Amino acid sequence: MLRRILLGMSRSHQIKKAVSSLPVSSGIVARFVAGETAPEAVLATEKLVSNGLNVTLDHLGEDVTDLAAATATADAYLELLKQLSDAGLTKNAEVSVKPSAVGQALPGDGEKIALEHARTICLAARNAGTTVTLDMEDHTTTDSTLGILRELRQDFPETGAVLQAYLRRTESDCVDLAYAGSRVRLCKGAYKEPESVAFQDKRAVDKAYVRAMKVLMNGAGYPMIASHDPRLIAIAASLADRAGRRPGSYEYQMLFGIRPEEQLRLASHGHTVRVYIPYGEDWYGYLVRRLAERPANLQFFARSLISKK
């Protein structure tokens, strides 16, 4: 119930305004968000890469309904890629792009605008020596996002996909995307979704995650296992072993600020580990979804509120 309330909060403009004005904001955000600017994101990337980790960077923002804002987001990615290239980090750092942040939600030609912005970012990423992963959002955008992905992969087959295990359709989508050269990030999902399209019970979500992992690990693509759950990580390793996969033929992904010791442990055992680094001024929705995922995150936030007032 608490998780559902928090996910509902993630899109509340009134609550966003109240939380954003609290002095605690900078303290709690610093744990989960690398900063508000590209130089801060690059600095966080340098630290992680120096410890043997890889990175994907997300310029925060979603549900953009203004063309100028969508263009500004695309430009922000171009600047980020330039700075990553200048710092010599593109071998270990890619970018993650939300279609709704680059125009998908615009009326009329939104999907076309998002596709063109994504193409521009993909080209800049390729020229910089890295890749793009197309993030997935709530279920109402799934078909549109997969359509944009198909278009992008005609010219940029290296573009990564994201699938959310709690959606009832995901196992079938995994079958469609488990082909050679296809990079697929599998996460649980962090949006408030109706029961008609998504599993609600944690155990059911975990089972769906394992079913999807089996498809990806036994396919010809490159699975990217995005989870902090020790049990699911252990199952992923077992499935990879059964499928004859070696480290480097798949990777683990975790969020910035969550289980950093486990990130380093997995990397020390020869696994590819990629840390998802969000940055930017529009951090509210991202933060609330992180709080909803784990009670420990919410407790950390509450303690910060008390100590910073």
Side-chain angles (χ1 to χ4, degrees), residues 49 53-58 77 81 84-85 89-99 102 104 111 114-137 141-165 167 169-187 209-227 236-237 239-254 266-267 270-276:
V49 170
L53 300 168
N54 295 278
V55 166
T56 185
L57 294 114
D58 171 23
Y77 274 105
L81 286 163
L84 289 170
S85 179
L89 294 169
T90 51
K91 179 181 177 181
N92 300 97
E94 62 143 42
V95 297
S96 289
V97 178
K98 287 183 173 63
V102 291
Q104 185 183 40
E111 189 171 309
L115 174 60
E116 290 310 308
H117 280 147
R119 282 188 195 279
T120 301
I121 297 168
C122 285
L123 179 59
R126 178 180 284 178
N127 289 339
T130 188
T131 56
V132 173
T133 292
L134 200 65
D135 267 333
M136 190 63 74
E137 301 175 76
T141 66
T142 302
D143 284 329
S144 172
T145 299
L146 290 176
I148 292 172
L149 177 74
R150 284 192 293 272
E151 290 293 324
L152 286 174
R153 283 188 170 182
Q154 291 184 28
D155 297 315
F156 305 98
E158 67 271 23
T159 305
V162 177
L163 296 175
Q164 300 172 108
L167 294 182
R169 61 176 288 170
T170 293
E171 187 175 358
S172 176
D173 288 332
C174 284
V175 172
D176 293 339
L177 289 172
Y179 55 82
S182 176
R183 298 189 305 119
V184 180
R185 177 195 300 155
L186 180 66
C187 61
Y209 196 101
V210 172
R211 290 195 299 271
M213 272 201 296
K214 286 180 179 178
V215 173
L216 294 176
M217 288 294 189
N218 287 305
Y222 181 81
M224 301 184 287
I225 307 304
S227 177
L239 290 174
D241 185 60
R242 292 180 192 176
R245 288 183 175 270
R246 295 186 176 184
S249 66
Y250 65 99
E251 68 181 48
Y252 295 104
Q253 296 193 356
M254 296 186 183
L266 288 168
H271 293 289
T272 301
V273 180
R274 191 173 303 276
V275 181
Y276 186 101

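Values in this document were obtained by computation on a predicted structure and should not be read as measured data. Below, each value reflects all heavy atoms present in this structure, side chains not excepted, and no hydrogens, waters or symmetry copies.
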**Q** Using side-chain heavy atoms (C-beta onward) and a distance below 4.5 Å, is Arg153 in contact with Ser182?
**A** yes
**Q** Ignoring hydrogens and angles, write down the donor-acceptor pairs under 3.5 Å from the side chains of residues 145-152, residues two or more places apart or on other chains.
**A**
residue : atom : partner : partner atom : Å
Thr145  : OG1  : Gln104  : NE2          : 3.2
Thr145  : OG1  : Thr141  : O            : 2.9

**Q** Would you indicate whether the side-chain heavy atoms of Leu134 and Lys98 approach each other to under 4.5 Å?
**A** no
**Q** Just by distance, no angles: are the side chains of Tyr252 and Asn54 close enough, under 3.5 Å, to form a donor-acceptor pair?
**A** no
**Q** Would a 4.5 Å heavy-atom cut-off, applied to side chains only, mark Phe156 and Ile121 as touching?
**A**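 Heavy-atom side-chain distance check fails, nothing below 4.5 Å.
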**Q** Taking side chain as C-beta onward, heavy atoms only, is Glu251 less than 4.5 Å from Val273?
**A** no
**Q** Using a 4.5 Å cut-off on heavy atoms from C-beta on, say whether the side chain of Arg185 contacts that of Thr133.
**A**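 In short, these two side chains touch, coming nearer than 4.5 Å.
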**Q** List the residues meeting ring pair (Phe, Tyr, Trp, His ring centres under 6.0 Å) with Tyr209, not counting sequence neighbours, and say none if there are none.
**A**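 Checked Tyr209 against ring pair (Phe, Tyr, Trp, His ring centres under 6.0 Å); zero matches.
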**Q** According to the interplanar angle, ranging from 0 to 90°, do the rings of His271 and Tyr250 count as parallel (below 30°), tilted (30 to 60°) or perpendicular (above 60°)?
**A** tilted
**Q** If you define the side chain from C-beta out and look only at heavy atoms, does anything of Leu89 sit under 4.5 Å from Val55?
**A**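 Contact flag for Leu89/Val55 side chains = no.
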**Q** How about Met254 and Leu266: do any of their side-chain heavy atoms sit closer than 4.5 Å?
**A**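 Met254 reaches Leu266 side chain to side chain.
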**Q** Using side-chain heavy atoms (C-beta onward) and a distance below 4.5 Å, is Leu177 in contact with Arg183?
**A** no
**Q** Quick one: pull up OG1 in Thr272 and CG in Leu53 and give me the separation to the nearest 0.5 Å.
**A** 10.5 Å
